[in-house]
**Q** 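After the structure tokens below, expect a handful of questions from me.
Every chain is numbered from 1 and lettered A, B, ... according to where its sequence line falls, protein lines coming before strand lines. Note that these values count all heavy atoms, side chains included, but never hydrogens, waters or copies made by symmetry.
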Protein chains: 2
Amino acid sequence: MIEMRHLATLVAIKETGSLTRSAKRVHLTQSALSHQLKRMEDYYRVMLVDRHTHPLVLTSAGERLVKLAYLIREAVETAEREIQQDNSKNKGKLRIAIECHTCFDWLMPVMDDFRGHWPDVELDLVSGFHSHPVELLYSDRADLVIISENTSQEGISFSPLFRFELLAVMANDHPLTTRKHLVADDFVHETLITYPVPVEQIDLYRKVLLPSGVNPERRTAELTIAILQLVASRRGLAALPNWGLTNYLDYGYVSARKIGHLGLWSDLYAAVLSSDSQKNYVQAFISSIQQTCFKTLEDIEPFDS
Amino acid sequence: MIEMRHLATLVAIKETGSLTRSAKRVHLTQSALSHQLKRMEDYYRVMLVDRHTHPLVLTSAGERLVKLAYLIREAVETAEREIQQDNSKNKGKLRIAIECHTCFDWLMPVMDDFRGHWPDVELDLVSGFHSHPVELLYSDRADLVIISENTSQEGISFSPLFRFELLAVMANDHPLTTRKHLVADDFVHETLITYPVPVEQIDLYRKVLLPSGVNPERRTAELTIAILQLVASRRGLAALPNWGLTNYLDYGYVSARKIGHLGLWSDLYAAVLSSDSQKNYVQAFISSIQQTCFKTLEDIEPFDS
DNA sequence: AATCATTATGAATTCTATTCATTAAAGTAT
DNA sequence: ATACTTTAATGAATAGAATTCATAATGATT
């Protein structure tokens, strides 16, 4: 009999195109998934993934099962929501604060989806950006904040969301495009275009430039497209998440390079008061983030706290 | 995470109203189901079945999950059928022969359902009744026969379907209604109303009357309703499956008694040529019988060969 | 050709579901 | 009421299957 976990594995394989990456996502080893897949294929006597391609692609049978998996996941979630209904545990408010501008890109669809499923939860976005967003939880001005540093504080519960790579973006004819990857010194004589937030909240400063004592000129813009326009017209460099960039890179609008030879990676957490962490709509919101992000954003990775 | 097997358990509990009976149906012990149920309830922090009633009834949360279970079962079966499609393994013919008249009552709905799902399988009913129905398989005049004796012959594969109780049916004012159960001798001066088939194919004769040397007068009728009419108008007794009787008994049209103090039980098997037993539409047909019978017929029981 | 990355495989292990052996509880009958 | 029967619950022991580990095979990349 096929089980939920098998379907989850197939979904991961489809979304990551690799057993190794899938394994991380479902918190098992690559070997486990290989065995699982083999068992499924033996059971159905049908190939489910084509191993001769990179990334792995599902056969039509595999695709059919993934379709089934999505359908079942939806149905299960709906049913599970409904059986909690009498408990009136799904009434409440969820004020969300974010630290990084780019998060808007995926947060909006998540919120829209969530609103449909949890009509009795008042969803709000806390406006403005805050130097110590966790403070918003203590002072009861927000119920959930998306942050990129796990400072593991008293009474706060952190849930890992995903990890993504920040790429240095530059005009196509920029001299630095000859490099394979950039290092701190490469930024000395450049202008950095960032969102209008304190430097401590910008990973590139916090993890690369400030430790090396490099402090390039800075210019700010509110919107991602605005930043990209400035970059394209040679006003400077920017550091942006790879998943927000793929379209622009594919069309050759700008170029991107790794920052450091391992790349500059950023972890995203959802932080809530520990007293809220068991509320079912809070957990639903967090898993909703993961689900839609892993499904729609390319090349993001799961991680453990 | 909830798994398919948990949903199957809930379906069984709903359909049987008891953990003990459910356990037989899913081929586990009562203890296993009790643990399973507890785990599910702990997981959801919601009661799923009301233990204070007999038969067990599901709470609204339990019912919701059973609804989910049916939906998922459908979806899984559809998907599994579709992924086999390229294999052209689902083309073929299935000529069905039956030994007992009453089987018609449940076979028709099963066939209708099956026809919808396996359009490329030619379904036929082999007409007439045959003293050695397995011969029909050897001589290629039928592909699947429903029989009540497992003679375990060479090259034939038997699949247990279900077990049901045969009750003696009599007019409401019949003197034998005073008995708790009937024994062979009670039939001596009675007229038996049966389907028009050889006595060797009638369980009451084969298992009770012939062994005791009792041979009452016999009268035949083609249809179950006709038999019941004769019984109601005091023309004799009949032995019929309990599940075909519940309606008539509830309305007080006739009375029924056990045959022997343990009751007279009959086992039903599906027999196919071993060479056909792995064909997916054959397996689908057999599991379709079980599914609809367990869902719609009351008080039938699973059994193992 | 050599190296790097990914998947496959068989044996060992771990972990969880199930069974076993009882107890507790509920329902029937005396 | 009381015994008797049936059914469910429980905790410990067990069995079995899924996962990991260690390594080989395969395929991609330089």
Side-chain angles (χ1 to χ4, degrees), chain A residues 1-10 12-59 62 165 180-181 258 261-263 299 301-302 304, chain B residues 1-10 12-44 46-59 62 165 179-181 258 261-263 299 301-302 304:
Chain A
M1 188 156 71
I2 196 164
E3 287 291 352
M4 301 291 186
R5 112 188 77 89
H6 300 132
L7 295 176
T9 295
L10 280 177
I13 294 174
K14 184 196 168 62
E15 291 180 358
T16 64
S18 130
L19 290 191
T20 314
R21 280 194 294 275
S22 297
K24 283 182 192 136
R25 195 173 294 186
V26 299
H27 300 290
L28 290 173
T29 60
Q30 171 270 324
S31 176
L33 296 208
S34 179
H35 284 295
Q36 268 191 19
L37 194 57
K38 191 173 186 311
R39 269 194 298 277
M40 282 191 264
E41 291 180 329
D42 288 351
Y43 175 70
Y44 286 124
R45 299 157 183 274
V46 168
M47 287 285 107
L48 296 175
V49 309
D50 184 356
R51 269 84 155 181
H52 302 293
T53 63
H54 250 284
L56 261 38
V57 293
L58 303 186
T59 64
E165 188 178 0
K180 191 111 183 248
H181 62 262
K258 274 192 189 300
H261 73 214
L262 295 171
D299 296 318
E301 288 192 5
D304 297 307
Chain B
M1 188 155 70
I2 195 162
E3 287 291 353
M4 300 291 186
R5 111 189 79 88
H6 300 131
L7 295 175
T9 296
L10 281 177
I13 293 175
K14 183 196 168 61
E15 291 180 358
T16 64
S18 128
L19 289 192
T20 313
R21 279 195 295 274
S22 297
K24 283 184 190 133
R25 196 173 292 186
V26 298
H27 300 290
L28 290 173
T29 61
Q30 171 270 321
S31 177
L33 296 208
S34 179
H35 284 296
Q36 270 192 16
L37 195 56
K38 191 174 186 313
R39 271 194 297 275
M40 283 191 262
E41 291 180 329
D42 288 351
Y43 175 71
Y44 285 125
V46 168
M47 287 285 108
L48 295 175
V49 310
D50 183 357
R51 268 84 155 179
H52 302 293
T53 62
H54 251 283
L56 260 40
V57 293
L58 302 187
T59 64
E165 189 177 0
R179 304 293 175 77
K180 191 112 184 243
H181 63 265
K258 272 191 189 302
H261 74 214
L262 295 171
D299 297 317
E301 287 192 3
D304 297 307

**Q** Between the base of dT7(C) and the side chain of S18(A), is there a donor-acceptor distance below 3.5 Å?
**A**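 Answer no: no donor N or O sits under 3.5 Å from an acceptor.
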
**Q** Taking side chain as C-beta onward, heavy atoms only, is D50(B) less than 4.5 Å from L56(B)?
**A**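 Side chain of D50(B) against side chain of L56(B), heavy atoms only: no contact under 4.5 Å found.
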
**Q** Quick one, L28(A) and R5(A) - any side-chain contact, counting heavy atoms below 4.5 Å?
**A**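 No, their side chains stay 4.5 Å or more apart.
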
**Q** If I take atom NE2 in residue H52(B) and atom C1' in nucleotide dA26(C), what distance separates them, rounded to the nearest angstrom?
**A**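 Taking atom C1' of dA26(C) as the reference, NE2 of H52(B) is at 11 Å.
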
**Q** As a test of reading the structure: which of dT19(D), dT7(D), dA22(D) is closest to the side chain of S31(A), going by heavy atoms?
**A**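 Nearest to the side-chain atoms of S31(A), counting from C-beta on, is dA22(D).
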
**Q** The side chain of A32(A) lies closest to which of these nucleotides: dT18(C), dT20(D), dT7(D)?
**A**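 Nearest listed nucleotide: dT20(D).
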
**Q** Which part of the nucleic acid does S34(B) contact within heavy-atom distance under 4.0 Å: base, sugar-phosphate only, or nothing?
**A**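 Touches a base.
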
**Q** On a heavy-atom basis, which atom in T16(A) and which in R21(A) lie closest, and how many Å separate them?
**A**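 Taking every non-hydrogen atom into account, O-NH2, 2.8 Å.
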
**Q** In whole Å, I'd like the distance from the CE atom of M40(A) to the P atom of dA18(D).
**A**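 Roughly 11 Å, once rounded to whole Å.
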
**Q** Which nucleotide in the set dT7(D), dA28(D), dA8(D) lies at the smallest distance from any side-chain heavy atom of L19(B)?
**A**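 The listed nucleotide nearest to L19(B)'s side chain is dA8(D).
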
**Q** Taking the nucleotide of DNA chain D with the nearest heavy atom to each, does T53(A) or H6(A) sit closer to the 5' end?
**A**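 Checking each residue's closest nucleotide, the 5'-ward one belongs to H6(A).
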
**Q** Closest to the T29(A) side chain: dA28(D), dT20(D), dA26(C)?
**A**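 Per side-chain heavy atoms of T29(A), the pick is dT20(D).
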
**Q** Classify L33(B) by what it touches in the nucleic acid, base, sugar-phosphate, or nothing, heavy-atom distance under 4.0 Å.
**A**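 Nothing, no nucleic acid heavy atom in range.
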
**Q** Between dT19(C) and H35(B), counting only base atoms on the nucleotide and side-chain atoms on the residue, is there a donor-acceptor pair under 3.5 Å?
**A**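 When only heavy-atom distances are counted, H35(B) does reach the base of dT19(C) through a donor-acceptor pair under 3.5 Å.
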
**Q** Considering heavy-atom distances to DNA chain D, does R5(A) or R51(A) have its closest nucleotide positioned more toward the 5' end?
**A**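 Final value for this comparison: R5(A).
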
**Q** Quick check for you: among dT6(C), dA8(D), dT10(D), whose closest atom lies nearest to any side-chain atom of K38(B)?
**A**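 Among the listed nucleotides, the one closest to the side chain of K38(B) is dT10(D).
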
**Q** Any ion pair linking K258(A) and E165(A) (charged N to carboxylate O, less than 4.0 Å)?
**A**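 Yes, this pair counts.
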
**Q** Per the atom types in the model, does the base of dA9(D) pair as donor or acceptor with the side chain of Q30(B) at under 3.5 Å?
**A**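 Side chain to base: pair present.
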
